[in-house]
Protein chains: 2
Amino acid sequence: MSTRKPDPRTADIMLRHWREAVPNDRIAHLIKDSSRGLQRALQTRLAKHNVSFGHWVFLRVLWVRDGITQRELSEEAGLMEPTTFSALTSMEKLGYLERRKLPHSRKNVYVFLTPAGRQLKKKLVPLAEDVNEVAVRGIDPADVATTRRTLLVMIENIARDESEHADPARAARMQRMLDATDNEVAEDTDSKKSTDAFRV
Amino acid sequence: MSTRKPDPRTADIMLRHWREAVPNDRIAHLIKDSSRGLQRALQTRLAKHNVSFGHWVFLRVLWVRDGITQRELSEEAGLMEPTTFSALTSMEKLGYLERRKLPHSRKNVYVFLTPAGRQLKKKLVPLAEDVNEVAVRGIDPADVATTRRTLLVMIENIARDESEHADPARAARMQRMLDATDNEVAEDTDSKKSTDAFRV
DNA sequence: AGCGCTTGATTAGCTCTCTAAGCATTTAGC
DNA sequence: GCTAAATGCTTAGAGAGCTAATCAAGCGCT
């Protein structure tokens, strides 16, 4: 069975099907599938250069700014500290970065790219651009823009919901994640005229 | 640092920033974040009923049709067999389902819901509906529809790319995943008039 | 009947992510 | 100035997903 068989039932039964079979998580489902697809597409490309997807996330941040603490790095990347910790440990082993303590604090650990880590940028960035180009191929840029806007509002909605109902730590995290994303979008808007070729 | 600081640099420098800081995976990033948010929102709700997110995925399929093999179940759920296997093992322990061998085959294992597993549906489906309702709150339904369409094309694009470049097994998997999603959308369209309240 | 390909279930082991809980250091309040 | 709280790093352990490899059963061909 490679495909769900076309359903010969009437519209009425279909309605019941869609009520009962949880139609309402379809968009969540679609988002999840596209996320997995995009991730895998990048992953296979990165793998050829011996970089895992997990490392990519942190390299992206560090290429922009290194010499920051693990905590800051976690927030920029939108991931929890233990995740960051283990990724950094393995990246350090691979020689992409160094963790250093600076004299003014014995607590904080600052993360610096090595030349090797910095050079990955030239090789890796085009891979991400390629994935992106493939993904949006043939789609009206206006639709992509709408999608981006919609997703952003969805993230906001969920963040707000969490902050109302649940665990404040998680909500704060979501909010920070959102702030970072907002900034991306804001900068994107500012640089619109001159960077249309890079907008996706 | 809870937020990336507003960048005081000129538009020209910003342009370089957006070239170099990999602007092109922003939409991927947005998709990933919304996926994580949605998943967590559902997860916290499911947790109150002692159901994990991983179980939800399979329950959804089984509520529609049980008595299928693990292999079929994997394909319907869009997950690999080992993932299915371990999820089923723990769900069986929890008493939500049974794995039975039928007389006509000593190879295949058929999965049946127990009454307990079947009854979860009434409790759990509203949780997913709630998450969804929260997520799309305040968003123009037309934008949501555009987003759905766009994501679907993106999945198609990525699937096609994989089938051209890479590993045929993975591409076939993507294609099946896509077929299933297409059917969902097709059924959705068919039942449009009568189910607008349920469309998301 | 028997040899080999195919298919389904399983095992092993990896990655990425999380929560919870620990320890060490720094900061704040009395 | 010293204890208490907050902050940052780390460890431990779990869940969800994957690939690769193994094993067993069924099927196909001669």
Side-chain angles (χ1 to χ4, degrees), chain A residues 1-2 32-33 35-37 39-40 42-44 46-47 50-58 68-75 77-92 94 99-111 166-167 169-170 172-174 177, chain B residues 1-2 32-33 35-37 39-44 46-47 50-58 68-75 77-94 99-111 166-167 169-170 172-174 177:
Chain A
M1 259 248 359
S2 69
K32 192 184 176 196
D33 283 355
S35 180
R36 286 201 295 160
Q39 175 159 341
R40 279 213 299 258
L42 183 54
Q43 208 155 27
T44 53
L46 291 174
N50 289 310
V51 174
S52 77
F53 181 78
H55 297 168
W56 163 260
V57 174
F58 296 102
I68 60 182
T69 65
Q70 294 194 183
R71 173 126 254 303
E72 286 174 309
L73 186 52
S74 297
E75 293 192 353
L79 296 170
M80 294 297 93
E81 284 165 74
T83 306
T84 306
F85 177 78
S86 59
L88 292 188
T89 301
S90 85
M91 290 166 83
E92 192 170 26
L94 290 170
R99 283 191 273 198
R100 285 210 289 269
K101 301 218 175 198
L102 298 185
H104 67 84
S105 166
R106 270 184 303 173
K107 184 159 79 158
N108 297 17
V109 174
Y110 296 87
V111 181
D167 162 25
R170 166 173 292 175
R173 220 185 304 131
M174 279 294 281
M177 191 160 111
Chain B
M1 260 247 357
S2 70
K32 192 184 175 195
D33 283 355
S35 180
R36 285 201 295 160
Q39 175 160 341
R40 278 213 300 257
L42 182 54
Q43 208 155 26
T44 53
L46 291 174
N50 289 311
V51 174
S52 77
F53 181 78
H55 297 168
W56 162 261
V57 175
F58 296 101
I68 60 181
T69 64
Q70 294 195 183
R71 173 127 253 306
E72 286 175 308
L73 186 51
S74 297
E75 292 192 355
L79 296 171
M80 294 297 94
E81 283 165 73
T83 306
T84 305
F85 177 79
S86 59
L88 292 187
T89 301
S90 85
M91 291 166 81
E92 192 170 27
K93 277 202 195 91
L94 290 169
R99 284 191 274 197
R100 284 210 291 269
K101 301 220 175 200
L102 299 184
H104 67 84
S105 165
R106 269 184 302 172
K107 184 159 80 159
N108 296 18
V109 174
Y110 297 86
V111 181
D167 165 22
R170 165 172 291 176
R173 221 185 304 130
M174 279 294 281
M177 191 161 112

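Hydrogens, waters and symmetry mates play no part in the numbers below; they use all other heavy atoms, side chains included. Since this is a predicted model, take the numbers as computed values, not measurements.
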Practice item. Starting from the C-alpha separation in whole Å, work towards a yes-or-no answer on side-chain hydrogen bond (donor to acceptor under 3.5 Å, both in side chains) for B:R99 and B:T89. Key: CA-CA 9 Å; B:R99 284 191 274 197; B:T89 301; 2.9 Å; yes
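The shortest heavy-atom contact between A:F53 and A:L46 is CA-CD1, 4.0 Å. Contact between B:S105 and B:K101 at its shortest, heavy atoms only, is O-CB, 4.5 Å. The heavy-atom pair separating A:H55 from A:S90 by the smallest distance is NE2-OG, 2.8 Å. Residue A:G78 comes nearest to B:R36 through the heavy atom pair O-NH2, 2.9 Å, listed as atom of the first residue, atom of the second, then distance. Residues A:Q70 and A:T84 share a closest heavy-atom pair of O-CG2, 4.0 Å.
Atom CG in A:N108 sits about 13 Å away from atom C1' in C:dT27, given to the nearest Å. Regarding A:F85, its CZ atom lies at a distance of 15 Å from the C1' atom of C:dC16, rounded to whole Å. For the pair B:M80 CE and D:dA21 P, the computed distance is 17 Å after rounding to whole Å. In this entry the distance linking CD of B:Q70 with P of C:dT11 reads 10 Å, nearest Å. The distance from atom CG of A:N50 to atom P of C:dT15 is 12 Å, rounded to the nearest whole Å. One atom, CD of A:E81, and another, C1' of C:dC16, lie 17 Å apart when rounded to the nearest Å. Here the P atom of nucleotide C:dT26 and the NE2 atom of A:H104 are 10 Å apart, to the nearest Å. In this structure, A:R40 atom CZ and D:dT19 atom C1' are separated by 11 Å, rounded to whole Å.
Checking D:dC18, C:dA9, D:dT10 against the side-chain heavy atoms of A:R36 singles out D:dC18 as nearest.
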At a cut-off of 3.5 Å, list every protein nitrogen or oxygen paired with a nitrogen or oxygen from nucleotides 14-16 of chain D, distance to 0.1 Å.
unit_1, atom_1, unit_2, atom_2, d
D:dA16, OP1, B:S52, OG, 2.9
D:dA16, OP1, B:F53, N, 3.4
D:dA16, OP1, B:G54, N, 3.2
D:dA16, OP2, B:S52, OG, 3.4

Could you go over nucleotides 20-25 of chain C and give all protein N or O partners under 3.5 Å, atom names and distances?
unit_1, atom_1, unit_2, atom_2, d
C:dT25, O2, A:K107, NZ, 3.4

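You'll find the side chain of A:W56 stays beyond 4.5 Å of the side chain of A:Q39, heavy atoms only.
Heavy-atom distances to DNA chain C give each of A:F58 and B:T69 a nearest nucleotide, and the one nearer the 5′ end belongs to B:T69.
Distance check: B:L42 CG to B:R40 CZ gives 12.5 Å after rounding to the nearest 0.5 Å.
Taking 4.0 angstrom as the limit, A:R99 places a side-chain polar atom (N or O) nearer than this to OP1 or OP2 of D:dT10. For D:dA25, the OP1/OP2 oxygens have no side-chain nitrogen or oxygen of B:R71 closer than 4.0 Å.
A search for salt bridge (Lys or Arg N to Asp or Glu O under 4.0 Å) contacts involving B:R106 returns nothing, not counting sequence neighbours.
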